[in-house]
Each structure stands twice: as structure tokens, then as C-alpha cells.
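Each remark here refers to the structure printed beneath this line.
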Amino acid sequence: MTLQRQFESALADAFGKVLGEKTDASVVAAADLRFGDYQSNAAMALAKSRRTNPRELAGKVIEALDLGGLGTADIAGPGFINIRVAPETYARHTAELLADERLGVPAIGDGRTVVIDFSAPNVAKPMFVGHIRSTILGDALSRIARFLGFHVIADNHIGDWGTQFGMILYGWKTQLDEAALAEDPVNELVRIYRAINAATKDDPAVRESCKAELVKLQAGDEENLAIWNRCVELSKQGLQKIYDRLDIRFDHWLGESFYNDRLGPLVEEFIEKGLARESEGAICVFASGELPDEQDPFRIQNKEGWQDNPAIIRKADGGFLYATTDLATVEYRVDEWKADEIWYVVGVPQQLHFRQIFDASRRWGKDAGFRHIAFGSILGEDRKVLKTRSGDNVQLADVLDEAVERAGQVIAEKNPDLENAGEIAEIVGIGAVKFAELSQHRLTDYVFAWDRMLALQGDTAPYLQYSYVRIRSIFRKLEGGFDPASAKLSLHEDAEVHLARLLARYGETVPVLLDDHRPNLLANYLLELARAFHSFFEACPVLKAEPEVRDSRLALCELTSRVLEHGLGLLGIRCPERM
RNA sequence: GCGCCCGUAGCUCAGUUGGAUAGAGCACCCGCCUUCUAAGCGGAUGGUCGCUGGUUCGAAUCCAGCCGGGCGCGCCA
């Protein structure tokens, strides 16, 4: 059990004795080490509701408090209860964590099934930097949820059926370069897409031809279906290369096309059940009237007052849309996969869309714990959102290449004799890109800048990886064996105690990451841990210390390297042995 | 017009859900490599947390109103 939970339990008992009834007493890591290791504001909160003096209440609680020798408690200010943990407690706790393969992290998921929808690029287009957020965030959340005991289904809902296929089909038939296709399929698809896209702008005839190709495809024309199939396969192979580099795997790739057959019947079902009706030629889902207007995602207010803001599920021309596919997808995930929760890792602009989908799904009887895990936009230098459609967008593959290139330069400079330099540059460079994304609050918009995303010093993945590397280096130079399982720890130096203090907090940090789906809290924790380690490393020699001190410090090093490697692993970032 | 998000050090950003003297990184300045990897460590400088009120023992955090920025509001995804 984490120290935090032990203190909460002891404090709850003490409050129970004093107040004569069961209460919860939350304990958090102290804001400032001068106040102790942990603090509780429970006395102030409880005194308020009971109209008693908080300091007095805190005093009685401290008298009744039994910390079992883990530490000492005192009162401060208006009624804070501060807990100071004894170094021996940290020493013992560190030894316990070394024997625990979960590193102190409780499994809170309880086997519940959660479907995570992330990345979802369009086929026949490369991934741009804009895709980085959903892809990396979604993967990290998948790893975290899995470790916390959820049954995770990672689903890549690729855009394999959009209207862009009209242009691609027409381009394929009129100007495909077979040699270029063999060389670099995705690039060739992009080339014809762009060429036709440009042509449609000033030639209505081309536009009509594209539309005709799309209609033929949707009607099941064999030739067009075969071309479409080929395009999707080639695109998937291209995407897989990037996912391999990013070390990302999906359990399913059920794209839009997978739900095609369901769309027509779904719309009919919605009409039959009175969930949707015709309006201006289109079939729309409107407000239920069950909610007050201000809570209803299908109603928004404007000059004329409350107005319907429907989700269109069938166009006037009979075509289906984004909302239709998303509803079919919900149905499949709830009925076939028995999803208890569905998380959508999609940008914040689509908030309204998801509120409508979630509400419509519930009224339809397809209920799950829906979560739109929104994130902010990546902006260009002009502070405008990077548009996927504009041609000057930066490709994700180029960002990765540049990151690895820069990491390679640093290695050549600092450690020219390093073996496997190429492989390590890949681990470091890609780690840097991932960490730049994950260390930030997900809702923050940011301007894309090479130097910022590819920084290798300061609060970055390489900083964390470097602390791991320093530890591995110690163990390589260690003569004779060391058995972490039988290590006896005694902590004397401030740097030792502080390192142990942070190691104890890993199990307190990981479970809260999913409260609001924020991996950046883990990034913050890991940076703090690595800072503590680097300070320790400078202040406390390990190999040259007396045998008992040495073993104690080796135990700290061992646990630190395990937590760093594990924590980075939850973010999808690997650790090299040397760098 | 209505809704959502944002405004914190010169720059980029955190801030454990209302706690104590608001923290990191970058940049700048001063120190530290014959001792376990200097992608590092120690120190210095740097803030009216957009503005004004309110709620209370206590507000960067919650509420209201302004100012500034981003995004979204019927047949794209």
C-alpha cells in the first residue's frame, strides 16, 4: 500500500475516534518540504461543517493518531496536519518496492473494457505533425490504462471511405505513374490527389468526373472497388512504417468502410424509433426535449433564441456522414466488444460533434462511459491552426527523421565511440518528440517549432534517458554481485532521502493520470525523479562508498532505473543502455 | 449573437482539483570534468498569476462582469 493511503487510513481512524463517526481524510504530498512529506487539510474542512475550531480539532486528532512509527505529525497554521516521514520508513518502503513488480502501483481498472479511439489518419495521405497529438496521447493512455488493469482495445478508426476517393480514383485512372507507385506508394497517391485537387478548382468537368467515380465506388463498381482496395492496402503499409518507428500497435483497424453496410439500416432505425426525422431534405437527429435547453447538445442559442442544431445522419442526396459512421461505430463497440467505456482522443474543435454523438447514443440505448479526450491545436508560425489540406504542412515522418538526425549529431559529438549509435539516435530522437507532446497539458495549443519539439536538453526525454544511462553505467562497473532483493537500506544524506521519497510516490502518481486523462502529470513526476537522481549522483558516490552504504545506494539506483524505465514505458518511450 | 477553451518570469510551459513564501526548462550571469557518462550538478537574476469585483480562515485555481486571443455552431471529416 502506498504511504499516502496508509496515512489516509490512520488519519481517518483518528478522526473517527474524535468525531465518533466514520470520515474520509485526504492526504496529499506536501506542497513544500519544509512542512513535511505529506499534509492533510481535513481538519479545516471538517471543522467548517461542524462549526468547531480547526486547530482544536486537529490537536485532538493528532493525540488520537497512530502512525505506527512511520513518521510524526504536527499542526501548523490554521489547522494543517503535517506528516514527516522517518528516513527508516523510506528505507523500508524502498526495499518493499524493489520486491514489487508493480512498483507500488495499484490496479484500479478492475478488468473493465475500454475502447480507445485514436490516431485515425486518412488513407492515401501521409501523416502530418497535426496527427502527432492524437497518436502519441492515445498510445500513452492505452499503455497506462492497460497497466492499471483495464482491458484496453486500441482501435484505429482510419478514414478509408471519404469523398477524397473520387479524386484519387479519377487521378489513378488518368495520371498514375506505375514506377513512382512501386517506388513510394503513399507519395504517389499524394501526388495524384494533390494534382486532381488542384485541377478541380478551375475545371468543373474534372469535378464532375471525380463525383462520378465516387458514385460508382459507392454503388459497388468492381473496378473502382479493386483500386480502392489497393489504395487502402498501400496506405496501411505506409502508415504501419510510422507506427513501427513510434512503437505503436493497434488491436484493430476498423475504418469507416467497415461500417458501410450498417449506415442505411441505422438511419432507418433512427427514423423508426423517432430519434431522427427529415428536415430540409436531410435526415437529422434533433433535441430530445428531455433536457433543459442549456444542457442539450442539440440546441444552441443565438440571436433568435434557442435553435435546433441537429446532427445530420443522411444528406439530402442520400449520402451518409461522419455522424452516421460514428453512431454505427458506437453500436459495434458496445454490442460486439461490450465496451464499458469508449475514449475518443480527438481535437477540441470536435467537442460539439461528440456531445451530440454521445447523447444520441444514450437515447438509442447504446450506452457506455463516453469520454471525449480533447486536445489543443498545433499552430503554425503565424499562430493559425495548421491545416491538413494545405500543401506546406510538415510531415510526421520528416519530424521523426530530423529528430533522429539531431540526436545522432549529439552522439557523434559527445560519445563518438558509441556502438549502435544509429539505433540509439532513433530511441533518443523519437523519445524527444513523444515527450515534447506528452509533457504538456493536452488542452494547450502550441506553435510547432523544430527546436522546441526536438530539444535534447533540459526538461526532455533525453534528460530522463540520460539518468537511466548513468545508472546502468554504475552497474556495468560494479565488481561482484548485488542482489536487490536482499538489500538493506539506510538513508542519511538529504539526496538519498529525497530520492527515496519520490520513488515512493510513483504508486501515488500513476493511478491519478486517468482521472482527467493527463499523461503530463507522469512526465512532471519523472522529471522530478530524474532531477533528484542527478543531484544524488553528484552528491553521493556509489561504487567508492563503504560496502553497507554502497549496497544501500545501489538499491536506490536499481529502483530508480526501474521506475524511470517503467514510467517512460507508460509514455511509449524506450531507454537506451548507453547514450 | 450563442457555446467551449486559453491568458502565469524576456521566451516555452507546469502548478497534485481551494492551501502555507507561485515552480521548471530555455536564454542571460557566476562556479564545477586527472573521482560511477558534464545530454549533467550547484548558485544568482527574473512574477500586480490579463483587469475589476465577489464567495471564505485562505483564490493562479470557484462565481460574476469586462479586456485580449483561439476554436465551434446543417448537409466535409
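A, B, ... follow the sequence lines: proteins, then strands. Residue 1 opens every chain. Owing to the predicted nature of the structure, the values given are computational and were not obtained by experimental measurement.
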For [N], does OP1 or OP2 lie under 4.0 Å from any side-chain N or O of [X]?
| X | N | value |
| --- | --- | --- |
| A:Lys414 | B:A39 | yes |
| A:Arg531 | B:G40 | no |
| A:Thr444 | B:U12 | no |
| A:Tyr322 | B:A77 | no |

Answer with base, sugar-phosphate or nothing: what part of the nucleic acid does [X] contact at a heavy-atom distance below 4.0 Å?
| X | result |
| --- | --- |
| A:Tyr463 | sugar-phosphate |
| A:Val542 | base |
| A:His441 | sugar-phosphate |

For the backbone of A:Glu423 and the side chain of A:Asn420, can you confirm whether one donor and one acceptor N or O come within less than 3.5 Å of each other?
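A pair under 3.5 Å: no.
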Could you say whether A:Ile312 or A:Ala30 is positioned toward the 5' end of RNA chain B, judged by the nucleotide with the nearest heavy atom to each?
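In this pair, the answer is A:Ala30.
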Mind telling me whether [N] is syn or anti, cutoff 90° either side of 0?
| N | answer |
| --- | --- |
| B:G74 | syn |
| B:C67 | anti |
| B:U17 | syn |

In whole angstroms, how far is the [atom2] atom of [N] from the [atom1] atom of [X]?
| X | N | atom1 | atom2 | value |
| --- | --- | --- | --- | --- |
| A:Tyr446 | B:G70 | OH | P | 19 Å |
| A:Asn415 | B:A39 | CG | P | 9 Å |
| A:Ile300 | B:C73 | CD1 | C1' | 4 Å |
| A:Phe482 | B:C36 | CZ | C1' | 15 Å |
| A:Gln351 | B:C5 | CD | C1' | 8 Å |
| A:His517 | B:U16 | NE2 | C1' | 17 Å |

Between A:Gln457 and A:Tyr466, do the side chains contain a donor N or O and an acceptor N or O under 3.5 Å apart?
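Their side chains do not contain a donor-acceptor pair, so the 3.5 Å distance test is not met.
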Is there a donor in the side chain of A:Glu413 and an acceptor in the side chain of A:Gln409, or the other way round, less than 3.5 Å apart?
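Looking only at side-chain atoms, A:Gln409 and A:Glu413 do not form any donor-acceptor pair under 3.5 Å.
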Ring-base stacking, A:Phe35 with B:A20 (5.5 Å, 30° cut-offs):
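Stacked: ring centres under 5.5 Å, planes under 30°.
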Given that both distances must come in under 3.5 Å, which nucleotide forms a Watson-Crick or G-U wobble pair with B:G18?
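Answer to the pairing question: none, since B:G18 forms no Watson-Crick or G-U pair.
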Please give the nucleotide sitting opposite B:G1 as a Watson-Crick or G-U wobble pair, both distances under 3.5 Å, or none.
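Here B:G1 is engaged in a pair, and the nucleotide opposite it is B:C73.
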If you count every heavy atom of other residues, nucleotides or ligands that lies below 6.0 Å from A:Asp74 atom CG, does the total exceed 12?
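Counting other residues, nucleotides and ligands, CG of A:Asp74 exceeds 12 neighbours.
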